[in-house]
Amino acid sequence: MARIAYILLCHKDPEAIILQAEQLTAVGDYMSIHFDRSASAEDYASIRKALSGNPNVCFAKTRVKCGWGEWSLVQATLNALYSALDSFPRATHFYMLSGDCMAIKTAEYAHGFLDQQDCDFVESFDFFESDWIKTGLKEERLIYRHFLNERKHKALFYASLTLQQKLGLQRQIPADIQVQIGSQWWCLRRRTVEAIFDFVKRRKDVVRFFQRTWIPDETFFQTLVRHLVPNTEIDSRTLTFLMFTDYGMPVNFYNDHYDLLLSQDFLFARKISPDAKELKLRLGRLYAAQGVDFQVSNEGRNLYKFLVQRGRIGRRFATRFWEKESSLGRERELIIVVCKKWHVAKRLIAQLRQHTDIAAIDYLFHEEATPLPDLGGIQASLSKRTRHRRALMRMLFEYFETNQLVICLDPTALDLMNDFNSDRSTTRTLQIECDFSDDYLIGHAHRVGLAGEHTPQQALKRLLPTIRNDILYEADRLRDAGFANYHLIRQSDSAEINASQLAEVFGLPIETAQTLANSPHLFSD
């Protein structure tokens with residue numbers, strides 16, 4: 001059975017460290033602690049004293065002063081790993097933790113999970129080909145030598161980098177090493193850790209290279225594991241659930257996140273807020289529990305992104321370059337059908353194609369699979385379609401040899417509607433307002449990843465008002481946009497009222513518009 005040795009790097013809050021060690025070792029697992037040498041000596045002494053009688057706890061034999069982004073973090077990890085290897089011969093896995101992490105599954109679940117997966121869990125993506133680094137330095141992390149801490153000595157750090165660039169002092173990456181990058185929160189098998197130490201002894205050149213890279217804790221272990229372990233034995237993911245804000249800061253979890261955390265497909269979570277006393281208490285009890293059935297739905301990241309973006313919707317201060325492309329054509333007419341229930345808009349469009357000669361396309365800016373003609377590759381992906389929206393629409397007008405074209409958009413695409421309505425061509429907007437039952441909203445939550453198969457009903461009930469209000473807000477934004485040639489049909493209105501709107505927006509005889517308005521099951525779910 002799996003036995004986990006937790007590798008804990010920490011520098012503060014001795015009481016929390018002691019509690020964390022006692023909780024994680026109470027059921028037979030282990031912990032190796034590296035306490036930052038630059039931190040309080042009194043705090044370190046209190047931790048040593050409190051845990052001195054615990055045979056499942058050891059300490060790094062050599063402590064180093066740690067700095068963010070420095071090799072010192074890797075060295076501290078190696079020191080703690082070495083002590084764990086030596087002290088715990090029965091440990092099968094080594095799991096990297098920080099003092100802000102807490103278990104969100106039981107030891108019973110974690111051991112069973114690792115027993116079923118004979119692999120190493122470490123994010124490991126190609127450094128140069130992946131987009132893992134979103135901002136800041138990229139190749140400069142590797143090809144130049146870094147001697148200073150960017151956070152402590154910002155001016156000197158960048159002065160050193162600039163000088164190396166001017167003098168052409170680039171260095172070579174070891175020829176047989178393909179640098180990888182990923183999260184520092186990994187879980188490795190014993191034989192993998194042993195192979196890493198063997199490699200470190202043999203390849204001093206590789207160690208020296210990483211000692212002068214920037215933020216090596218995101219590249220060192222990730223690279224060595226990929227170099228030493230077959231790809232079939234690597235799961236390129238972390239088992240620690242963590243999220244980041246738009247500003248690159250870790251998201252904190254609070255007391256009301258307990259159910260959410262337990263439903264994620266991870267073994268630990270980071271960061272638990274220091275103020276979340278109740279959450280810490282409940283999670284602390286969880287690890288030693290037995291027979292707990294976890295219903296994993298894994299909607300956490302999508303749900304967080306959805307909720308924090310509410311209220312942040314605004315107009316851009318400047319148009320992007322592709323929005324400055326020439327007009328669709330003064331003589332042309334673009335009709336935009338806007339509906340949150342995509343199947344309702346698609347039914348209307350299908351009837352329009354059947355009873356008229358008007359060219360109509362479904363949700364081309366939202367569904368990659370929307371049938372489109374070959375337009376030289378501009379139609380190949382959603383990002384290309386959006387980026388070159390006006391060029392795409394001009395080509396579609398030309399392909400269909402028409403001056404009237406209908407497309408469908410989701411209400412969230414207000415920036416597209418603003419752009420098309422600002423064009424010299426004539427733009428008409430038809431908003432379809434539908435009723436939304438609770439069952440439909442639950443289905444919508446599942447479709448967009450805000451809920452999973454096992455999301456508790458109580459959590460869904462709390463989420464429904466937010467989703468409903470968001471849909472209403474989208475509809476209000478569209479009505480308040482003040483578009484010329486705006487039309488509206490409602491599920492609650494009679495077919496006669498809707499037919500008059502359809503006749504006007506599409507330029508149809510009233511008889512044809514009535515046929516569309518009376519389409520069987522037009523608004524049904």
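Along the sequence shown, residues carry numbers from 1. What you see below is based on every heavy atom in this structure, not just the backbone, and it leaves out hydrogens, waters and symmetry mates. Quantities reported herein were computed from a predicted structural model and do not represent experimental measurements.
- With ring centers used as reference points, W71 lies 6.0 Å or more from W214.
- The structure places CD1 of I7 at 8.5 Å from OG1 of T77, a figure rounded to the nearest 0.5 Å.
- Closest of all the heavy-atom pairs between F35 and I17 is CE1-CD1, 3.8 Å.
- Between the side chain of T219 and the main chain of I181, no donor-acceptor pair closer than 3.5 Å is present.
- The 12-atom threshold is exceeded at NZ of K61, counting heavy atoms of other residues, nucleotides or ligands nearer than 6.0 Å.
- Pairs engaging residues 212-221 under the salt bridge (charged side-chain N to carboxylate O under 4.0 Å, His left out) rule: R141-E218 [sequence neighbours left out].
- Counting non-hydrogen atoms of other residues, nucleotides and ligands closer than 6.0 Å to CZ of R90 gives a total of 12 or fewer.
- Side-chain atoms of Y30 do not come within 3.5 Å of backbone N or O of S87 as any donor-acceptor pair.
- Contact between K341 and Y363 at its shortest, heavy atoms only, is O-OH, 4.2 Å.
- Here the CZ-CD distance, from R385 to Q379, works out to 7.0 Å after rounding to the nearest 0.5 Å.
- Under a 3.5 Å cut-off, the side chain of Q116 and the backbone N or O of L114 do not form any donor-acceptor pair.
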Name the atoms and distances for all side-chain donor-acceptor pairs under 3.5 Å in residues 436-451, with sequence neighbours left out.
unit_1, atom_1, unit_2, atom_2, d
S437, OG, Y440, N, 3.1
D438, OD1, R468, NH2, 2.7
H446, ND1, G452, O, 3.3

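- The aromatic ring centres of F113 and F121 sit less than 6.0 Å apart.
- For Y82 and F197, the distance between ring centers is under 6.0 angstrom.
- Put simply, the side chain of S32 never gets that close to the backbone of S83: no donor and acceptor are under 3.5 Å apart.
- Side-chain contact between H34 and C66 is present, with heavy atoms from C-beta onward closer than 4.5 Å.
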Donor-acceptor contacts under 3.5 Å from residues 277-289 side chains, at least two apart:
unit_1, atom_1, unit_2, atom_2, d
K277, NZ, P274, O, 3.3
Y287, OH, Y6, OH, 2.6
Y287, OH, D29, OD2, 2.5

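- Note: E70 CD to T213 OG1 = 11.5 Å, rounded to the nearest 0.5 Å.
- Few gaps surround NE2 on H257; more than 12 heavy atoms of other groups in view lie less than 6.0 Å from it.
- A donor-acceptor pair under 3.5 Å is absent between the side-chain atoms of E108 and the main chain of Q290, judged by distance alone.
- Listed by chain and number, the residues in a side chain to side chain donor-acceptor pair (under 3.5 Å) with N56 amount to none (sequence neighbours excluded).
- Annotation: the span from M102 atom CE to L19 atom CG amounts to 6.5 Å, rounded to 0.5 Å.
- A donor-acceptor pair under 3.5 Å is formed between the side chain of H366 and the backbone N or O of D410.
- Remark: the backbone N or O of T223 is not paired with any side-chain donor or acceptor of H227 at under 3.5 angstrom.
- F241 meets the ring pair (Phe, Tyr, Trp, His ring centres under 6.0 Å) test with F253, F266; sequence neighbours excluded.
- Residue pairs that meet the salt bridge (charged side-chain N to carboxylate O under 4.0 Å, His left out) test with at least one member in residues 34-54, sequence neighbours left out, do not exist here.
- For D256 and R462, the salt-bridge test fails: no basic side-chain N is under 4.0 Å from an acidic carboxylate O.
- At distances below 3.5 Å, not a single donor-acceptor pair connects side-chain atoms of S273 with backbone N or O atoms of Y254.
- Of the residues D120, D115, D235, the one that meets the salt bridge (charged side-chain N to carboxylate O under 4.0 Å, His left out) test with R189 is D120.
- A distance-only check finds no donor-acceptor pair linking the side chain of D362 to the backbone of K346 [under 3.5 Å].
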Problem - CA sep, side-chain torsions, deciding dist, call: K384, R387, side-chain contact (heavy atoms from CB on, under 4.5 Å) - result: CA-CA 5 Å; K384 281 189 175 182; R387 190 162 61 248; 3.4 Å; yes

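- By the 4.5 Å heavy-atom criterion applied to side chains, L239 and W185 are not counted as neighbours.
- Between the side chains of E139 and Y144, no donor N or O sits under 3.5 Å from an acceptor N or O.
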Exercise for the section: Given side-chain contact (heavy atoms from CB on, under 4.5 Å), test V74 with F210 step by step and report yes or no. Expected result: CA-CA 9 Å; V74 177; F210 280 104; over 6 Å; no

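- Here the side chain of E22 pairs no donor or acceptor atom with the backbone of N54 at under 3.5 angstrom.
- Side-chain contact of W342 with E367: a donor-acceptor pair under 3.5 Å is absent, judged by distance alone.
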Handout entry: From CA spacing to verdict: salt bridge (charged side-chain N to carboxylate O under 4.0 Å, His left out), D118, R191
Key = CA-CA 11 Å; D118 186 19; R191 62 176 178 268; 3.1 Å; yes

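- Atoms OG1 and NE2, on T192 and H93 in that order, are 8.5 Å from each other to the nearest 0.5 Å.
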Practice task
Could you go through the side-chain contact (heavy atoms from CB on, under 4.5 Å) check for T240 and Y95 one step at a time?
Solution key: CA-CA 10 Å; T240 299; Y95 196 121; 2.9 Å; yes

Practice task
Carefully, step by step, assess R237 and D265 under the rule side-chain contact (heavy atoms from CB on, under 4.5 Å).
Solution key: CA-CA 11 Å; R237 58 165 292 197; D265 188 20; 3.6 Å; yes

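- The distance from the CE atom of M96 to the CZ atom of F268 is 13.0 Å, given to the nearest 0.5 Å.
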